[in-house]
Amino acid sequence: MLAPKDTSTSSSGSSGSGTLNSAGQTASEPSTPPAAPKDDLELLSAKWSSDGFAGYVIGKVKNNTNHDYGYAQITFNLYDKEGNQIGTAVDNINNLKAGGVWAYKALALAEDVATYEFSEVTGF
């Protein structure tokens, strides 16, 4: 199995850049618009992993609410080297606490996975 290329995007984090003046100091930056509200269930990270028997998408999801989720599920689409969807990787959890972080491990039940893409994270 090939190690798939990560085609997911993280919904958090950004890097700023500044302009250096002639003294080598960072010039003031234009004001930044307010940050977009975070999703109730926020994908923090995703990466491919394999243990020799199966492939996984592993990472973290944060519950940004002040209420517990009785159930949450994350899904990734899996693609072959031609770009055809060949399956999904899914994981779920019960009782995700308010403000909690879930370390998920979504099992990929497809062979020859070349890439994966975040599909959704849902809960109730």
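Values in this document were obtained by computation on a predicted structure and should not be read as measured data. Hydrogens, waters and symmetry mates play no part in the numbers below; they use all other heavy atoms, side chains included.
- Each salt bridge (charged side-chain N to carboxylate O under 4.0 Å, His left out) pair with one or both residues in residues 82-93, not counting sequence neighbours, would appear here, but there are none.
- Legend: salt bridge (charged side-chain N to carboxylate O under 4.0 Å, His left out) pairs involving residues 53-67, not counting sequence neighbours: none detected.
- Closest heavy-atom contact between Ser45 and Tyr104: O-OH, 2.6 Å.
- Using modelled atom types, one side-chain atom of Asn63 and one backbone atom of His67 make a donor-acceptor pair closer than 3.5 Å.
- Here the closest heavy-atom approach between residue Ala108 and residue Trp48 is recorded as CB-CH2, 3.7 Å.
- Heavy atoms only, all atoms of each residue included: Ile86 and Asp112 are closest at CD1-O, 3.8 Å.
- Considering only residues two or more places apart in sequence or on other chains, Asn66 meets the side-chain hydrogen bond (donor to acceptor under 3.5 Å, both in side chains) condition with none of them.
- Here Thr122 pairs with Gln73, Glu120 under the side-chain contact (heavy atoms from CB on, under 4.5 Å) rule; sequence neighbours left out.
- Annotation: the span from Thr65 atom OG1 to Glu42 atom CD amounts to 12.0 Å, rounded to 0.5 Å.
- When every heavy atom of Phe118 is checked against every heavy atom of Val121, the shortest pair comes out as CZ-N, 3.6 Å.
- Residue Tyr56 belongs to a hydrophobic cluster whose other members are Ile58, Leu107, Leu109, with links defined by side-chain heavy atoms closer than 4.5 Å.
- Between Phe76 and Ala106, the shortest heavy-atom distance links the atoms CD1-CB, 4.2 Å.
- Taking CG of Leu78 as the reference point, atom OG of Ser119 lies at 10.5 Å (rounded to 0.5 Å).
- Under a hydrophobic clustering in which Ile, Leu, Val, Met, Phe, Trp and Tyr are joined whenever their side-chain heavy atoms come within less than 4.5 Å, directly or via other members, Val90 and Ile74 fall into different clusters.
- The CD atom of Gln85 sits 4.0 Å away from atom CG of Asn77, with the distance rounded to the nearest 0.5 Å.
- The two residues Tyr69 and Phe124 make their nearest non-hydrogen contact at CD2-N, 3.3 Å.
- A donor-acceptor distance shorter than 3.5 angstrom exists from the side chain of Asn64 to the backbone of Asp39, with no hydrogens or angles considered.
- Asp80 is not listed as a side-chain neighbour of Val113, based on a closest heavy-atom distance of 4.5 Å or more.
- Applying the salt bridge (Lys or Arg N to Asp or Glu O under 4.0 Å) test to Asp68 and every residue at least two apart in sequence or in another chain returns Lys97.
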- Hey, mind stepping through Ile93 and Tyr71 against side-chain contact (heavy atoms from CB on, under 4.5 Å) and telling me if it holds? CA-CA 6 Å; Ile93 191 170; Tyr71 177 85; over 6 Å; no
